[in-house]
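The first residue of the sequence shown is numbered 1, and numbering continues consecutively from there.
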Amino acid sequence: MRLGLALGYWGRGPDPGHVALAQEAERLGYDSVWTAEAWGSDAFTALTWIAAQTSTIQLGTAVAQMAARTPTATAMHALTLDHLSGGRMMLGLGLSGPQVVEGWYGRPFPKSPLTATREYVDVIRQVLRREAPVELDGRFHAHPYAGADGTGIGKPLKSITHPLRADLPVFLGAEGPKNIAQTTRIADGWLPLYWSPLRTDVYEASLDGLTDGFRIAPMARAKVCDDVAEGLLPVKAMLGFYIGGMGHAAKNFHADLMARMGFEAEARHIQELFAEGRREEAVLAVPDAFADEISLIGPRERIAERMELWRKGPVTDLLVLAPDRETLRVLAELNG
């Protein structure tokens with residue numbers, strides 16, 4: 001099981017410790033470092049800054065939002081950074097949800113998310129292969145554009161820049177069962193938002209028939225500490241925000257996933273509290289059991305036992321949200 005460092009996205013401003021953490025992860029033998037985006041900082045600029053100050057660690061987006069850019073623009077970002085980093089780029093993509101897509105990007109959320117995702121990846125693959133001009137008779141990402149409001153004179157184009165790698169890895173952040181199943185067919189890896197090594201049966205049907213080399217890379221917050229309950233508070237805060245605040249009460253993919261993992265009543269309660277403005281109560285309502293299952297929190301011995309559970313399943317890469325060098329070091333030692 002490879003280790004990766006997940007840095008997430010910025011809060012109010014850039015975290016001055018991110019580059020140093022990435023450099024420490026590289027020194028400790030971590031395979032990868034990942035940046036993200038929501039509705040503030042973007043994933044690619046921060047990753048490029050890290051790329052310029054590291055030399056061997058792989059560079060990933062977990063995730064870059066599809067609604068933020070056309071697929072060709074995303075391919076341009078990826079192939080450019082792949083060249084500048086000497087072939088270290090890994091492209092992780094996510095569809096996000098209706099509130100973000102329509103509220104932040106000002107675009108309609110696709111009525112057929114699977115089709116939109118499949119077309120997006122298709123276009124990116126065409127750009128990276130550079131075998132011919134990009135052409136797709138698509139519903140969401142037609143190339144050339146064929147809408148009634150177009151000029152009708154668009155022409156298929158091929159990237160001026162030759163991509164460094166035609167097989168640059170593409171990962172997808174998928175949550176629904178059908179989306180996960182499609183991910184195993186069209187991507188090189190999957191980025192689960194929540195992964196419990198105790199509940200792998202939740203994904204069993206979707207992961208049926210995995211091909212060799214397919215990567216499963218969930219994120220897990222990690223912290224070496226004596227007080228487990230205190231260490232779980234940041235996990236619960238994250239869950240409270242994602243389950244309660246990231247999505248509409250009637251359409252929240254994160255809450256739906258928590259429900260499928262056996263915590264439906266708790267997920268709906270968190271949503272209700274968050275909607276009523278009772279955010280602190282929403283965080284406290286997150287079950288310790290759920291927060292604990294999807295993270296690695298506690299003394300070294302406890303984390304060692306729990307890492308064994310992660311290794312026994314299909315996980316190939318563990319992307320850790322680790323806020324300090326000591327935790328990074330301990331995880332590297334335990335992973336051997």
Hydrophobic cluster membership, Leu273 vs Met238, 4.5 Å side-chain cutoff = no
- Task: Take the angle between the ring planes of Trp195 and Tyr203 and call it parallel below 30°, perpendicular above 60°, tilted in between.
- Result: parallel
Do the side chains of Glu24 and Arg27 get close enough for a salt bridge, i.e. N-O under 4.0 angstrom?
yes
Rounded to the nearest 0.5 angstrom, the CD-OG distance for Gln23 and Ser55 is 9.5 Å
Shared ILVMFWY cluster between Trp34 and Val235, side chains joined below 4.5 angstrom? no
Starting from Leu296, can I reach Leu3 by hopping between I/L/V/M/F/W/Y residues whose side chains sit under 4.5 Å apart? yes
Shortest non-hydrogen pair, Pro287 vs Phe263, comes out as CG-CD2, 3.9 Å
- Side-chain contact test, heavy atoms from C-beta onward, threshold under 4.5 Å: evaluate it for Gln271 versus Arg268 and give yes or no. yes
query: In terms of hydrophobic clustering (I, L, V, M, F, W, Y; side-chain heavy atoms under 4.5 Å; direct or indirect links), are Trp49 and Tyr9 co-clustered?
result: yes
Gln182 and Arg118 have their tightest heavy-atom pair at OE1-NH1, 2.6 Å
For Gly231 and Pro234, the nearest pair of non-hydrogen atoms, with its separation, is O-CD, 3.2 Å
(request) Flag yes if more than 12 heavy atoms outside Glu280 fall under 6.0 Å of its CD atom; otherwise flag no. (result) no
Between Trp10 and Ser41 the two heavy atoms that sit nearest each other are N-OG, 3.0 Å
Test item: Glu119 side-chain N/O and Phe140 main-chain N/O as donor-acceptor pair under 3.5 Å = yes
Scanning both residues in full, the closest heavy-atom pair of Leu319 with Ala217 reads CD1-O, 3.7 Å
> Using 30° and 60° as the class limits, which term best fits the ring planes of His77 and Phe44: parallel, tilted or perpendicular?
Replying inline: parallel
All heavy atoms of Leu5 vs all of Ala25, minimum pair found to be CD2-CB, 4.0 Å
| message | Does Met76 have more than 12 heavy atoms from other residues, nucleotides or ligands lying within 6.0 Å of its CE? | response | no
ask   = Salt bridge check: are Arg125 and Asp167 linked by an N-O gap of less than 4.0 Å?
value = no
Checklist line | Sidechain N-carboxylate O distance under 4.0 Å for Lys312, Glu308 | finding: no
Checklist entry - Going hydrophobic residue to hydrophobic residue with side-chain gaps under 4.5 angstrom, can you get from Leu193 over to Leu114? => result no
Query raised in the report: Is it true that Tyr194 and Phe290 have ring centroids separated by less than 6.0 Å?
Result: yes
Tested for salt bridge (charged side-chain N to carboxylate O under 4.0 Å, His left out) against Arg302, the lone hit among Asp292, Asp226, Asp227 is Asp292
With heavy-atom distances below 4.5 Å as the criterion, would you say the side chains of Met89 and Thr61 are in contact?
yes
Judged by modelled atom types alone, do Tyr120 and Thr74 share a side-chain donor-acceptor pair under 3.5 Å? yes
* Asked: When you look at CH2 of Trp104, are more than 12 heavy atoms from neighbouring residues, nucleotides or ligands closer to it than 6.0 Å?
  -> no
Rounded to the nearest 0.5 Å, the CG atom of Leu331 sits from the CE atom of Met307 at a distance of 5.5 Å
When rounded to the nearest 0.5 Å, the distance separating CG of Leu91 from CG of Leu168 is 6.5 Å
Rounding to 0.5 Å, atoms CZ (Arg107) and OG (Ser96) come to a distance of 12.0 Å
So CD of Glu230 and SG of Cys225: to nearest 0.5 Å the spacing works out to 7.0 Å
Students should find that the hydrophobic cluster of Leu309, defined by side-chain heavy atoms under 4.5 Å apart, otherwise consists of Leu198
